[in-house]
> 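Would you mind keeping the following structure in view while I ask a few things?
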Amino acid sequence: MAEGHAVHGMAQRLRQLAGTTVRSVSPDGAFPASAYDGKRLVDTEAHGKHLLVRFDDIEGAVHIHCGMTGRVSTRRHRRALGDDGFPKTEPPAANGLRWRLLNRTHVADVIAPTICEVLNQEDTRALHARLGPDPLRDDHEPEPFFTTTTQSRRAIGMLLLDQRIVAGIGNVYRAEILFRQGIHPWTPGNRLSSTELAAIWSDAVGLMAIGLGAGWIVAAPRQLTEARELIDQGLPVPRWPKTYAVYGRRGKPCRQCGTPIEAARLGQQTAFWCPVCQPPRD
DNA sequence: TAAGTATGTTAAG
DNA sequence: TTAACCTACTTAC
């Protein structure tokens, strides 16, 4: 469930604890949480699907990656506070709770992550260095993505999932973006024009920004329009039924032309595409 | 109740 | 290329 938009959302919500002193515990003992107990959380940051959390007086950052099943849940609690300013009783814990941060108003749970580890400053730099530009970060520029893609014979569907080339796109966004751009997933990167690459990037920026604002992946044209309006007005976007164009729709008729959607393994995951709306290039 | 699948990634072979 | 890792949900029996 964690493509880049979801991780940025986790970072935003966890940021509600920034500037406060936190209680830090690891219920399963698999994270050295006591090092952060009583420290002030300084800030959070997302780069693609990676989440970083920084604390006062500690160099580097805590690095979290949710994988497919992990999540970071930040919520308000209303528990009675003890003399130390922290809740007297613990909010209920989910299965797989690896790391919990508490302050007087909020609880943040890191649940079943693939990675929850301590990085020093150099490791943190190395992490950023091995990730490509993130469409959801306004301090990132797409040029490295354009350059690598233009020089690569690998399929664009591979390149979009390669986090070294562009960070944050997952299997759903790959499928939906390539459909919207009419590009077959097996098209080699070096066969794409600069116009097409620019369109892929800006579509990723637009779609993922709406996904971040809505809290889920919105892809259907009508839902996109409506979600955009709600987000602009600062209103929550309800969880309408998900209607993807191609993702997960193997064998179902294309919503645009009726042709059955195709699906095949591309890299580690299944790619979905419409053979007519996304014609192969020869 | 068991098996299969998933919006992900790494390491082994 | 394959298996492994983690949890939650769906489907099959």
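By convention in this document, chain letters (A, B, ...) are assigned in the order of the sequence lines, proteins followed by strands, and residues within each chain are numbered from 1.
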> Is the shortest side-chain N/O distance from Arg130(A) to OP1 or OP2 of dT10(B) below 4.0 Å?
yes
> Using a strict 4.0 Å threshold on nitrogen-to-oxygen distance, state whether Arg23(A) and Asp84(A) make a salt bridge.
yes
> Provide the distance between the two P atoms, one in dC13(C) and one in dT5(B), to the nearest whole Å.
13 Å
> May I ask you to evaluate whether Arg71(A) reaches the phosphate of dA8(C), defined as a side-chain N or O under 4.0 Å from OP1 or OP2?
yes
> Touch check for Tyr247(A), heavy atoms < 4.0 angstrom, all strands: base, sugar-phosphate only, or nothing?
sugar-phosphate
> Take atom P in dT10(B) and the same atom in dA8(C), then report the distance between them in whole Å.
23 Å
> Tell me whether the side-chain N/O atoms of Gln269(A) come closer than 4.0 Å to OP1 or OP2 in dA6(B).
no
> Nearest whole angstrom, please: distance from the C1' of dC6(C) to the CG of Asp28(A).
12 Å
> Quantified in whole Å, what is the P atom distance between nucleotide dT7(B) and nucleotide dT11(C)?
15 Å
> Remember a base hit wins even if backbone is also touched, and classify Gln268(A) as base, sugar-phosphate or nothing at under 4.0 Å, heavy atoms.
base
> Minimum heavy-atom separation for Ala11(A) and Thr44(A), please, with both atom names.
O-OG1, 2.8 Å
> Below 4.0 angstrom from OP1 or OP2 of dT9(B), is there any side-chain N or O of His65(A)?
yes
> Given atom CG of Leu136(A) and atom C1' of dT7(B), what is their separation to the nearest angstrom?
14 Å
> His50(A) has an atom NE2; how far is it from atom P of dG8(B), in whole Å?
11 Å
> Whole angstroms only, please: what is the OH-P distance between Tyr173(A) and dA6(B)?
19 Å
> Reckon Ile115(A) touches a base, only the sugar-phosphate, or nothing at all at heavy-atom distances under 4.0 Å?
nothing
> Met68(A) CE to dG4(B) P: how many Å, rounded?
16 Å
> Does atom CG (Asp83(A)) have a neighbourhood of more than 12 heavy atoms from anything else shown, all under 6.0 Å?
no
> Using the P atoms only, state how far dA12(B) lies from dC6(C), rounded to an integer number of Å.
16 Å
> Taking only side-chain N and O atoms of Lys49(A), does any of them lie within less than 4.0 angstrom of OP1 or OP2 on dT7(B)?
no
